[in-house]
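Since the structure comes first, as structure tokens, the remarks are kept for the end.
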2 protein chains.
Amino acid sequence: MTEAVNGEIGVAVLGLGNVGSQVVRIIEESATDLAARVGAPLRVRGIGVRRVGADRGVPAELLTDNIEELVSRADVDIVVELMGPVEPARKAILAALEQGKSVITANKALLAVSAGELAQAAEHAHVDLYFEAAVAGAIPVIRPLTQSLAGDTVLRVAGIVNGTTNYILSEMDSTGADYASALADASALGYAEADPTADVEGHDAAAKAAILASIAFHTRVSADDVYCEGITKVSPTDFVSARALGCTIKLLAICERLTGADGQQRVSARVYPALVPLDHPLAAVNGAFNAVVVEAEAAGRLMFYGQGAGGSPTASAVMGDLVMAARNRVQGGRGPRESKYAKLPVAPIGDISTRYYVNMNVADRPGVLSAVAAEFAKHEVSIAEVRQEGMVDEGGQRCGARIVVVTHRATDAALSETVAALAGLEVVQSINSVLRMEGTTE
Amino acid sequence: MTEAVNGEIGVAVLGLGNVGSQVVRIIEESATDLAARVGAPLRVRGIGVRRVGADRGVPAELLTDNIEELVSRADVDIVVELMGPVEPARKAILAALEQGKSVITANKALLAVSAGELAQAAEHAHVDLYFEAAVAGAIPVIRPLTQSLAGDTVLRVAGIVNGTTNYILSEMDSTGADYASALADASALGYAEADPTADVEGHDAAAKAAILASIAFHTRVSADDVYCEGITKVSPTDFVSARALGCTIKLLAICERLTGADGQQRVSARVYPALVPLDHPLAAVNGAFNAVVVEAEAAGRLMFYGQGAGGSPTASAVMGDLVMAARNRVQGGRGPRESKYAKLPVAPIGDISTRYYVNMNVADRPGVLSAVAAEFAKHEVSIAEVRQEGMVDEGGQRCGARIVVVTHRATDAALSETVAALAGLEVVQSINSVLRMEGTTE
């Protein structure tokens with residue numbers, strides 16, 4: 001571990017985007033308060049950027065494109081990594097840790113694939129590695145899970161952890177817009193990036209699910225372990241059907257501890273759009289907000305709510321980590337860390353049991369509903385609710401019917417087989433959508 | 001600091017009530033998981049009770065009424081104080097700290113008067129003093145405020161932190177019951193104690209407000225600094241008026257950072273029943289649940305929600321603290337602590353500016369509303385909304401009118417003078433109630 005130089009805590013900030021510039025601003029503007037809380041002044045020693053030159057609103061002499069040199073400086077105690085993506089961030093963080101620097105990162109994509117490697121390097125160097133900002137922006141989630149609930153048994157974590165998709169789904173729900181126009185609105189307002197793939201396909205949420213599952217269940221779950229479906233196929237019709245069922249649709253990241261009949265523990269981590277009852281706390285989380293619901297054996301159900309993205313809220317989480325790491329430096333220690341991580345098996349999606357909503361077009365003639373119901377029965381998927389309505393074409397002629405089925409709990413494997421069989425029925429014209437339903441009490 | 005004996009972390013639990021017995025149970029039942037998280041087994045060395053003898057569901061040899069001896073045992077590393085009230089808990093905790101034991105306590109009444117003294121003793125002994133369970137039961141609030149938000153500037157904390165009063169007010173709101181019968185229901189269901197004074201008069205919430213204000217603003221605020229009104233005078237009529245105004249009524253604990261025109265910082269900590277708009281997140285927190293809303297400069301608005309009381313949820317918070325303190329022992333350190341606490345002045349209630357709701361009976365004749373409005377104007381309290389309705393007696397005769405006034409923001413001093421002046425008006429028959437209104441965007 002490096003020693004504080006001149007009684008100051010030296011900070012290197014890697015990346016000067018939306019979050020990085022807020023971090024630099026807060027360190028500057030709140031210097032007195034921060035010094036009192038840390039026990040020594042925080043001093044930005046350098047800011048790593050891809051290209052030095054353009055006016056960035058910070059003293060030019062702080063800027064450098066030599067990241068390797070910056071993280072190795074003797075007067076740097078803590079490295080704040082906000083540059084992403086996986087590389088070159090990984091290399092910079094490992095170099096910093098090897099040099100005895102504590103590291104703060106908001107890089108969920110990196111943590112979702114390399115958390116174990118980074119934690120080991122931090123452990124080896126006896127320094128802190130904090131990442132509160134990697135999940136749900138300003139909302140404290142990592143620290144409550146790793147510390148406040150350290151003596152409890154977490155059973156389930158379910159969250160809305162991606163602001164872009166939540167904005168799109170909220171918009172579709174409230175205006176009846178289709179996916180494409182809601183996405184266009186989100187882009188126009190700056191809620192969606194130029195290439196929105198990582199958000200709308202659920203990859204961003206999957207990275208966060210991997211992190212949440214790892215810390216909630218004290219095991220290593222990587223992004224590859226997370227089953228993931230995005231929101232691109234959710235239609236206005238799904239929202240109409242959801243409303244009729246007393247639900248809305250949310251992209252959820254779900255982490256569960258599964259205990260088999262033999263007592264064997266497994267975990268599940270998955271991301272998909274799901275019907276959520278309107279009286280569930282997550283149903284009221286709209287726009288770019290995030291929320292995480294934690295269910296623990298002794299604590300019961302907790303909810304954490306706030307702004308999940310944006311420069312300023314994310315900077316708040318980074319600053320909390322920075323003050324804690326700096327305080328540890330001043331007090332000559334380091335923060336608490338896990339003593340032991342298990343490697344619990346990850347359950348395949350086929351084993352996961354939820355309720356389902358299936359929306360299909362069928363021929364409008366006697367016996368169709370019976371044939372459809374028979375397929376569910378054959379695969380032992382129990383039906384909770386069925387709605388059938390006639391459809392008319394543009395000329396006003398009846399042209400078939402739509403059937404919406406809501407099931408009781410069934411495994412994904414059984415449901416998939418049912419849907420495949422339904423698609424093969426002569427009377428079924430199309431399977432319009434299959435969505436899961438979460439958060440019901442049944 | 002004492003050393004772990006036999007590689008175990010020895011725990012003394014003081015008090016074997018609702019929470020204490022859950023803590024002992026969890027230490028026993030989750031022994032393997034906890035040992036993995038701590039890095040060493042937790043072992044209960046003894047349980048301090050007032051009277052040894054009765055069957056308590058724990059091995060009899062663990063029980064002792066000699067608290068002083070128990071907290072001094074060489075094989076005890078951590079003392080968990082769950083016996084309350086202020087004394088003898090204070091003496092036991094100070095003795096434990098002096099002996100180098102880390103201390104976990106849920107004793108809000110004690111912390112609200114002696115936090116400074118206890119923190120100093122912990123500092124002197126280089127041990128941990130944790131108290132997550134003292135505010136809002138299982139909901140992580142202390143750790144997020146002291147750690148996650150350590151680099152941000154907290155502006156305001158507003159919470160529903162007393163389950164008993166929230167149950168009573170929720171009941172009055174949903175059933176139209178009066179205070180006395182809602183209290184009787186709460187008692188019958190075990191939500192109110194035999195002597196409910198501390199809850200219904202707001203003293204319990206005030207102790208929590210003192211703790212929240214202290215940690216949110218890095219200053220010392222004691223229970224005596226907290227302005228406090230209880231819920232005993234809230235009437236069914238107030239709920240009817242609140243509904244008409246789009247509000248419900250909640251007992252709030254509010255902590256605010258006030259910045260004067262000269263830049264001078266002050267804090268305010270206060271507890272009172274207030275009208276809250278139905279679309280405010282706190283309005284939906286019903287029954288025995290708790291919630292805390294934190295507003296910080298960079299993070300924006302965060303909300304924490306969950307079960308605020310009960311043996312099991314409170315034990316969850318205690319266990320989190322216990323695992324953290326134990327892990328620190330095993331790793332040979334201690335948790336992070338504040339480097340410096342300020343002593344910011346506490347603003348008197350008269351300086352605090354909120355909106356008000358005033359409900360009064362007046363004579364039913366021309367010119368009355370004008371006379372009432374004139375008193376508000378005279379004291380420079382601006383009126384936002386007025387409702388007047390005629391009242392009839394049992395014989396169907398008109399017998400006066402009721403006026404409800406909602407003001408814009410005014411200081412408590414100006415409002416108090418207005419109300420005193422109104423009470424002196426010949427046309428005003430009675431001031432039925434004066435309540436504050438919080439959480440509106442105006």
Side-chain angles (χ1 to χ4, degrees), chain A residues 22 26-27 30 33-34 36-40 132 137-140 142-144 147-153 218 281 284 291 294 296-307 310 312-313 315-324 327-328 330-340 342, chain B residues 22 26-27 30 33-34 36-40 132 137-140 142-144 147-153 218 281 284 291 294 296-307 310 312-313 315-324 327-328 330-340 342:
Chain A
Q22 291 294 326
I26 295 173
I27 292 176
S30 301
D33 279 351
L34 294 172
R37 292 180 210 163
V38 168
E132 183 65 71
I139 314 172
I142 305 294
R143 208 163 257 115
Q147 301 192 18
S148 307
L149 289 163
D152 204 339
T153 302
H218 310 273
V294 177
E297 221 165 69
R301 184 195 272 181
L302 304 170
M303 183 164 96
F304 305 87
Y305 171 90
Q307 294 183 59
S312 183
S316 170
V318 170
M319 289 302 304
D321 282 351
L322 178 55
V323 167
M324 296 314 293
R327 204 182 278 172
N328 290 337
V330 171
Q331 296 175 356
R334 56 190 286 233
R337 57 228 177 265
E338 286 292 333
S339 291
K340 197 170 131 190
Chain B
Q22 292 294 327
I26 294 172
I27 293 177
S30 301
D33 280 349
L34 293 171
R37 294 182 208 161
V38 167
E132 183 65 73
I139 313 172
I142 304 295
R143 207 165 258 115
Q147 301 193 18
S148 307
L149 289 163
D152 204 338
T153 302
H218 309 273
V294 177
E297 222 163 68
R301 185 194 268 179
L302 303 171
M303 184 164 98
F304 306 86
Y305 171 89
Q307 295 184 58
S312 182
S316 171
V318 169
M319 288 303 303
D321 283 350
L322 178 56
V323 167
M324 296 314 294
R327 206 182 277 173
N328 290 337
V330 170
Q331 296 175 357
R334 56 190 283 232
R337 55 228 179 266
E338 285 293 332
S339 290
K340 199 170 128 189

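Because the structure is predicted, anything quoted here is derived from the model rather than measured. Scope of the values below: all heavy atoms of this structure, side chains included, with no hydrogens, waters or symmetry mates.
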**OP:** Please look at Gln147(A) and chain B and tell me whether the side chain, the backbone, both or neither of the residue comes under 4.5 angstrom of a heavy atom of that chain.
**Re:** both

**OP:** Not counting sequence neighbours, which residues clear side-chain contact (heavy atoms from CB on, under 4.5 Å) with Ala298(A)? List them please.
**Re:** Asp152(A), Ile26(B), Ser312(B), Ser316(B)

Original post:
Minimum heavy-atom separation for Pro140(A) to Leu302(B), with atom names?
Top reply: CD-CD1, 3.9 Å

Original post:
Can you check whether Ala150(B)'s main-chain N or O pairs, donor with acceptor, with Arg37(A)'s side chain at less than 3.5 Å?
Top reply: yes

**OP:** Heavy-atom distances under 4.5 Å only: say whether Leu149(A) touches chain B with side chain, backbone, both or neither.
**Re:** both

Original post:
Looking only at heavy atoms, what is the nearest atom pair of Gly151(A) and Val323(B), with distance?
Top reply: CA-CG2, 3.6 Å

**OP:** Indicate the atoms forming the closest heavy-atom contact of Gln307(A) with Gly300(B), along with that distance.
**Re:** NE2-CA, 3.7 Å

